[in-house]
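Start at 1 and go down the list; that is how both ligands and their atoms are numbered. Numbers here simply count residues along the sequence, with the first being 1.
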Amino acid sequence: AASPLASPPHSNIASIIPSLPLETRCPPFPLRRYANFWVPEVILKADLPGIHSCFKPRPTDVFVASFPKSGTTWLKALAFATLKRSTHPPLDGDHPLRRCNPHDCVRFLDANFNQQKDELEALPSPRVLATHLPYSLLPGSITGDRERSGCRIVYVCREPKDALVSAWLFTRKAASALGADARSFTIQEALELFCDGRCMCGPQWEHVLQYWEESVRRPDRVLFLRYEEMLIDPEAHVRKLAKFMGCGFSEEEEEHGVVSAIVELCSLGKMRDMEVNRNGSNMLGVKNESYFRKGVAGDWSNHMTPDMAQRLDKVVEDALQGTGFSF
Ligand code: A3P
């Protein structure tokens with residue numbers, strides 16, 4: 001009999017990929033529509049089956065989850081710096097985040113899972129890992145549907161127009177490293193695809209909604225954060241994050257300014273200036289500097305017309321009607 005971990009539907013998906021709807025207009029990856037989401041074919045082929053059949057979550061694991069271009073890099077850095085502060089104090093001159101890009105300190109489960117599974121297994125607890133997968137595509141061992149403990153998940157949500165613009169600019173910059181040419185990919189094309197949910201792990205609002213609903217259902221296991229609110233008060237969010245991860249700050253730490261040291265270490269300005277982020281690249285060949293741009297709320301207005309904005313706002317508003325959630 002099949003082991004419970006290898007149970008359908010996701011572990012045997014490779015065989016049905018050719019029959020799934022295909023989208024090739026969205027660089028850099030061909031996407032397939034699977035379980036109501038547009039997922040890169042490469043993730044469906046290798047990563048998803050591997051994750052569902054082999055990944056062994058630990059009750060102490062913390063997952064940083066997000067729709068792409070929503071503040072993942074920042075949240076990875078904050079979660080890592082906060083959870084690992086006893087081993088790596090934020091003021092430590094040799095802190096891993098001063099030597100490595102946040103994406104190297106906190107790995108995506110859904111990027112080359114099969115190549116890195118032994119490395120992930122060897123990481124000391126508590127681990128911080130990351131995913132762009134929709135909640136409904138995570139294995140039950142992570143969500144807690146199968147094992148009572150489950151892991152902790154921290155989700156960062158971003159306003160859709162800013163997420164779209166950030167993704168579009170990133171794609172134009174980084175696609176060549178991934179073997180695609182996105183120089184002629186216009187914001188109009190990106191918008192049309194995005195409104196139709198046709199983007200990596202889209203529809204964006206469905207991705208957000210799933211995690212939000214889960215955060216309402218299980219607030220002790222899923223923490224839902226908003227990028228725009230984090231920008232306004234990062235220290236309050238670091239305290240919230242620490243408490244949620246089970247490592248709230250002591251009075252002594254507060255007195256010593258540990259919270260502000262973490263915020264400072266992970267700030268866009270500091271991260272962007274680090275040598276590794278100015279000149280390094282990740283294993284895919286994408287330059288680390290491409291992960292740090294403006295980092296503000298509302299930059300969409302410099303790239304989209306009011307009509308374009310209205311179109312997306314309407315699509316999102318209609319889709320979210322009756323859900324109780326709004327951006
Ligand atoms: P912009 O393109 O709007 O500037 P992700 O990390 O999910 O790929 O999201 C990228 C967005 O987060 C980019 O937004 C980027 O500038 C912003 N970002 C990266 N590091 C950040 C940090 N330390 N603080 C705040 N925003 C950050």
Original post:
Which atoms form the tightest heavy-atom contact between Thr87 and Pro89, and what is the distance?
Top reply: O-CD, 3.5 Å
Subject >> Row check, Phe249 ring normal vs Arg85 NZ/CZ: under 6.0 Å, within 45° >> reply: yes
Subject >> Shared hydrophobic cluster, Leu164 / Val296 (ILVMFWY, side-chain heavy atoms < 4.5 Å) >> reply: no
**OP:** May I ask you to identify, for Ser267, whether its side chain, its backbone, both or neither come under 4.0 Å of ligand 1 on a heavy-atom basis?
**Re:** backbone
Original post:
Relative to Tyr227, does Arg158 satisfy both conditions: NZ or CZ under 6.0 angstrom from the six-membered ring centre, and within 45 degrees of the ring's axis?
Top reply: yes
Subject >> Atom indices of ligand 1, in the order listed, that fall short of 4.0 Å to a heavy atom of Lys294 >> reply: 4 (O), 16 (O)
Original post:
In terms of side-chain heavy atoms, does Asn101 have a donor or acceptor partner in Asp104 at a distance below 3.5 Å?
Top reply: no
Original post:
Among all protein non-hydrogen atoms, which one is nearest to atom 8 (O) of ligand 1, and what is the separation to 0.1 Å?
Top reply: Lys69 NZ, 2.7 Å
Original post:
Starting from atom 26 (N) of ligand 1, which protein heavy atom do you reach first, and at what distance in Å?
Top reply: Tyr227 OH, 2.7 Å
Original post:
What is the minimum heavy-atom distance between Met271 and Pro102, and which atoms define it?
Top reply: SD-CG, 3.6 Å
Original post:
Which option, Ser70, Ser166, Ala167, Ala297, owns the non-hydrogen atom nearest atom 2 (O) of ligand 1?
Top reply: Ser166
Original post:
So is there a nitrogen or oxygen of Thr72 less than 3.5 Å from a nitrogen or oxygen in ligand 1?
Top reply: yes
Original post:
Considering only the protein, which heavy-atom contact is closest to atom 16 (O) of ligand 1, and what is its distance?
Top reply: Arg293 N, 2.8 Å
Original post:
Counting N and O atoms only, with roles assigned by atom type, does the side chain of Asn277 sit under 3.5 Å from a partner on the main chain of Glu289, one being a donor and the other an acceptor?
Top reply: no
Original post:
Which residue and non-hydrogen atom of the protein lie closest to atom 23 (N) of ligand 1, and at what distance in Å?
Top reply: Cys266 O, 2.8 Å
Original post:
Should we say atom CD of Gln310 is surrounded by more than 12 heavy atoms from elsewhere, each under 6.0 Å from it?
Top reply: no
**OP:** Provide, to 0.1 Å, the distance between atom 6 (O) of ligand 1 and the closest protein heavy atom, together with that atom's residue and name.
**Re:** Thr73 OG1, 2.5 Å
Subject >> Heteroatom distance test (Gly295, ligand 1): nitrogen or oxygen, under 3.5 angstrom >> reply: yes
Original post:
Who's the nearest protein heavy-atom neighbour of atom 22 (C) of ligand 1, and how far?
Top reply: Trp74 CG, 3.4 Å
Original post:
For Phe292, is at least one N or O under 3.5 Å away from an N or O on ligand 1?
Top reply: no
Original post:
Hey, does Arg158 sit under 4.0 Å from ligand 1 if you only count heavy atoms?
Top reply: yes
Original post:
So which protein heavy atom does atom 19 (C) of ligand 1 come closest to, and at what separation?
Top reply: Tyr291 O, 3.2 Å
Original post:
Going by the angle between their ring planes, with limits at 30° and 60°, are Phe325 and Trp212 parallel, tilted or perpendicular?
Top reply: tilted
